[in-house]
Amino acid sequence: MKWRVIYLKILSVVGARPNFVKMFPLTETIRKTKHDHILVHTGQHYDINMSDVFFKEMGVEPADYNLGVGSGLHGYQTGEMLKEIEQVIIENEPDVVIVPGDTNSTISGALAASKLHVKVAHLEAGLRSFNKMMPEEINRILTDHCSDLLFCPTQVAVRNLKNEGITNNVHKTGDTMYEIAFMIEDKVNALPRREDIPDEYILSTIHRAENTIDEKLPKIMDELGQLHLPVVLPLHPRTKNMLKALNILEKAEEKVIIIEPVGFFEFSKLLKESQAIITDSGGVQKEAYWHKKPCVTVREQTEWLETIEAGGNILANPGEIKEKLAIMLSKEISFNEDLYGYKDTSSRILKILETLEK
Ligand code: UD1
Ligand code: UDP
């Protein structure tokens, strides 16, 4: 019998900051093969420091397509993406469409591909916060239910899918964010220290829709300004807009070291050199764990349960941040558990993709 190597035409859909980070290791792995890879950027994030900076620092060419969809209400944004991605898929006839994460770009890519009967591979499948008020939770559930291949970072994610009746083509492959953290280690260590950052500080990111509201954001900002160490806050544009709308941006700048959003390398350096993390980000909770930083997560639930169970992370409502931070700083945390798998996740994923029938 003769072996026949079949090269795949892979199309990936990214659009928001976490999508870029999750996709880079796999982009790099595919680039080293003869498979064809078409990268589609929906344009959900478009500021230089929310988008271009990530491609530049990773040395990755800008996406093959930038759909320029931009900001808007969920229906508008998702609808525009769906319409545009559909055309790109029709034009390119890929064998598989990869969608990383849980953003509006993710669900749009998954929906467009599945309705065209093109196979969908979900990178970071099976995560659940069990809070349907979060737009990301809707995106995760719907994306998983229309995916043909489900790449789970953890056993908890595999179990979540099983509980929803999804057991076929579910693979525990580990987390590409874990892989990238080690891919870039030397470059991060080589970065000079910023002069506007004190020797000791707490790094914070706050941007979730559920926290950037009138009832919560002023309270969170007040608390960040009252901790025992200065807080460095790379400010997400959603949060900046809300601080401006509430007329409290200047007040916040007096209490907290507010900087522009930074690239992934610089963010990783800030994280590694911090004393602790306060965040509502999904990705940052995990990064805190593998860089051994105590983390307070300003949310009611987290989809990254393992970090809580391992003792490295704690949930806090606005009003509880100081108290929860004190708990985290007063206890010994081992950070020894290997929660997120392998440093070759993207190769594992590609091997599974290569078993796809054309
Ligand atoms: C999105 C994701 C969220 C993720 C976050 C990562 C969804 C539903 N949410 O939230 O899961 O945690 O990205 O950062 O997909 N804006 C700019 N410039 C930009 C991008 C956004 O000014 O380059 C402003 C716009 O006013 C926009 C707002 O930020 O309306 C929110 O952006 P959007 O992409 O809708 O949601 P995120 O909050 O970024
Ligand atoms: N991040 C970054 N610059 C910043 C803030 C965050 O590079 O100014 C990185 C961070 O490492 C994080 C990733 O971007 O893991 C994804 O971002 P975000 O927190 O925006 O999204 P989420 O994980 O909450 O969906």
Side-chain angles (χ1 to χ4, degrees), residues 13-24 41-58 66 68-78 80-81 99-109 124 127 129 133-140 142-143 175-178 180-181 184 188 203-213 232-245 258-272 274 277-291 293 295 297-299 302-304:
V13 178
V14 294
R17 187 164 71 180
N19 301 144
F20 310 142
V21 177
K22 285 163 199 174
M23 197 58 215
F24 280 136
H41 185 328
T42 61
Q44 178 174 351
H45 285 175
Y46 44 85
D47 290 348
I48 288 174
N49 54 12
M50 294 295 289
S51 175
D52 293 15
V53 66
F54 295 90
F55 290 79
K56 281 218 176 84
E57 62 187 358
M58 292 307 297
N66 189 321
V69 169
S71 307
L73 293 175
H74 286 277
Y76 166 82
Q77 191 182 51
T78 313
E80 286 295 303
M81 289 177 190
V99 289
D102 56 13
T103 66
N104 285 350
S105 301
T106 314
I107 178 64
S108 307
E124 208 183 76
L127 296 182
S129 65
M133 296 300 283
M134 294 174 71
E136 295 83 5
E137 184 75 353
I138 308 288
N139 292 343
R140 290 178 198 124
L142 297 182
T143 302
D175 195 318
T176 56
M177 289 187 83
Y178 184 68
I180 200 174
I184 64 166
V188 169
L203 180 65
S204 180
T205 72
I206 298 290
H207 70 272
R208 289 296 177 144
E210 60 270 27
N211 279 331
T212 47
I213 54 171
V232 174
L233 180 72
L235 196 59
H236 189 287
R238 173 194 283 278
T239 317
K240 187 175 193 172
N241 291 342
M242 195 58 191
L243 289 173
K244 274 189 189 160
I258 291 183
I259 59 174
E260 288 295 312
V262 292
F264 185 59
F265 289 15
E266 198 172 336
F267 187 80
S268 302
K269 181 152 182 104
L270 283 172
L271 192 145
K272 283 174 86 169
S274 69
I277 308 295
I278 298 171
T279 191
D280 60 5
S281 156
V284 176
Q285 292 173 62
K286 292 180 291 172
E287 289 161 353
Y289 188 85
W290 55 66
H291 291 303
K293 302 294 172 187
C295 183
T297 296
V298 190
R299 275 166 50 174
T302 177
E303 57 283 7
W304 300 106

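One-based numbering, in listed order, for ligands and for the atoms of each.
Note: no N/O pair closer than 3.5 Å links His74 and ligand 1 by distance alone. Looking at Thr205 next to ligand 2, no N or O pair under 3.5 Å apart turns up. Considering backbone and side-chain atoms together, His207 places an N or O closer than 3.5 Å to an N or O of ligand 1. In terms of N/O distances under 3.5 Å, ligand 1 is approached by Gln44. For ligand 1, the polar-atom distance check against Asn139 finds no nitrogen or oxygen pair separated by under 3.5 Å. Every N/O-N/O distance between His236 and ligand 2 stays at or above 3.5 Å.
Taking a 4.0 Å cut-off on heavy atoms, Met177 registers as neighbouring ligand 2. Residue contacts with ligand 2 leave out Phe265, since none of its heavy atoms falls under 4.0 Å from the ligand. Lys286 does not count as a contact of ligand 2, since none of its heavy atoms falls under 4.0 Å from the ligand.
For Thr143 (side chain) and Arg140 (main-chain N/O), no donor-acceptor pair under 3.5 Å exists by modelled atom type. Looking only at distances, no side-chain donor or acceptor of Thr279 sits under 3.5 Å from a matching main-chain atom of Gln285. Distance alone, capped at 3.5 Å, is enough to place a donor-acceptor pair between the Glu57 side chain and the Phe265 backbone. At least one donor-acceptor pair closer than 3.5 Å links the side chain of Asn66 to the backbone N or O of Gly68. Looking only at distances, a side-chain donor or acceptor of Lys293 sits under 3.5 Å from a matching main-chain atom of Lys272. Remark: the backbone N or O of Ser129 is paired with a side-chain donor or acceptor of Glu137 at under 3.5 angstrom.
The protein heavy-atom contact nearest to atom 19 (O) of ligand 2 is Ser281 OG, 2.7 Å. Among all non-hydrogen protein atoms, the one lying nearest atom 22 (O) of ligand 1 is Pro237 CB, 3.3 Å. The single protein non-hydrogen atom nearest to atom 8 (O) of ligand 2 is Val262 N, 3.0 Å, given as residue, atom name and distance. When only non-hydrogen protein atoms are considered, atom 13 (C) of ligand 2 lies nearest to Val21 CG2, 4.2 Å. Looking from atom 21 (O) of ligand 2 to the surrounding protein, the closest heavy atom is Pro18 CG, 3.5 Å. Protein heavy atom at the shortest distance from atom 14 (O) of ligand 1 is His236 NE2, 3.1 Å. The single protein non-hydrogen atom nearest to atom 17 (C) of ligand 1 is Tyr46 OH, 3.2 Å, given as residue, atom name and distance. Protein heavy atom in closest approach to atom 8 (C) of ligand 1: Asn104 OD1, 3.3 Å. With respect to atom 38 (O) of ligand 1, the closest heavy atom belonging to the protein is Arg238 NE, 2.6 Å. The protein heavy atom nearest to atom 35 (O) of ligand 1 is Gln77 NE2, 3.7 Å. For atom 6 (C) of ligand 2, the closest heavy atom belonging to the protein is Arg17 CZ, 3.6 Å. Remark: minimum distance from atom 1 (N) of ligand 2 to any protein heavy atom is reached at Phe267 CG, 3.7 Å. What sits closest to atom 23 (O) of ligand 2 on the protein, heavy atoms only, is Gly283 N, 2.8 Å.
Ion pairing between Lys286 and Glu124 holds under the 4.0 Å rule for side-chain N and carboxylate O. Under the 4.0 Å criterion applied to side-chain N and carboxylate O atoms, Asp280 and Arg299 are not assigned as salt-bridge partners.
Judged purely by distance below 3.5 Å, without hydrogens or angles, the side chains of Thr239 and Thr212 never pair a donor atom with an acceptor atom. At a cut-off of 3.5 Å, with distance as the only test, no side-chain donor of Ser108 or Ser105 sits close to an acceptor on the other residue. Counting only N and O atoms by type, the side chains of Asn19 and Thr103 include a donor and acceptor under 3.5 Å apart.
When every heavy atom of Gly15 is checked against every heavy atom of Thr42, the shortest pair comes out as CA-OG1, 3.3 Å. Between Val14 and Pro100 the shortest heavy-atom distance is CG1-CG, 4.1 Å.
Residue contacts with ligand 1, taken as heavy atom pairs separated by less than 4.0 Å, involve Asn241 solely via side-chain atoms from C-beta onward. At a heavy-atom distance under 4.0 Å, atoms from both the backbone and the side chain of His45 approach ligand 1. Of the heavy atoms in Pro234, only side-chain atoms (C-beta onward) come closer than 4.0 Å to ligand 2. When heavy-atom distances to ligand 2 are checked against a 4.0 Å cut-off, Glu287 comes that close only through its side chain, counted from C-beta outward. Residue-level proximity to ligand 2 for Phe264 is carried by backbone and side chain together, each with a heavy atom below 4.0 angstrom.
Close contacts between ligand 1 and Ser71 involve ligand atoms 25 (C), 27 (C), 30 (O) [criterion: under 4.0 Å to a heavy atom]. Residue-ligand proximity, Arg208 to ligand 2, at heavy-atom distances under 4.0 Å covers atoms 22 (P), 24 (O), 25 (O). Heavy-atom contacts of Phe54 reach the following atoms of ligand 2: 7 (O) (cutoff under 4.0 Å). The ligand atoms of ligand 1 that sit less than 4.0 angstrom from a heavy atom of Met50 are 23 (O). Of all the atoms in ligand 1, the ones that sit under 4.0 Å from a non-hydrogen atom of Pro18 are 6 (C). Proximity to Arg208 (heavy-atom distance under 4.0 Å) selects the following atoms of ligand 1: 11 (O), 12 (O). Within the listing of ligand 2, atoms 8 (O) sit less than 4.0 angstrom from a heavy atom of Pro261. Below 4.0 Å from some heavy atom of Glu136 lie the following atoms of ligand 1, by number and element: 3 (C), 9 (N), 11 (O). Atoms of ligand 2 found under 4.0 Å from any heavy atom of Gly263 (numbered from 1 in listed order, with element): 7 (O). In summary, the atoms of ligand 2 found under 4.0 Å from a heavy atom of His207, numbered by their order in the structure, are 18 (P), 19 (O), 20 (O), 21 (O), 24 (O).
Under the salt bridge (charged side-chain N to carboxylate O under 4.0 Å, His left out) criterion, the residue pairs touching residues 258-268 are Arg194-Glu266, Lys240-Glu260, with sequence neighbours excluded.
The aromatic rings of His236 and His45 sit perpendicular to each other, their planes meeting at more than 60°, with 30° as the lower class boundary. Aromatic ring orientation, His41 versus Phe55: parallel (interplanar angle below 30°, classes split at 30° and 60°).
Rounded to the nearest 0.5 Å, atoms CG (Asp102) and CG (Asn139) are 6.5 Å apart. With rounding to the nearest 0.5 Å, the separation of NZ in Lys56 from CD1 in Ile48 is 6.5 Å. In this structure, Glu303 CD and Glu136 CD are separated by 8.0 Å, a value rounded to the nearest 0.5 Å. For the atom pair CG of Leu142 and CD1 of Ile107, the computed distance is 4.5 Å after rounding to the nearest 0.5 Å. Of the inter-residue distances, the one linking Asn241 atom CG with Leu235 atom CG reads 9.0 Å to the nearest 0.5 angstrom.
Residue nearest to atom 2 (C) of ligand 1, selected from Val284, Asp47, Asp102, Thr103: Thr103 (by heavy-atom distance).
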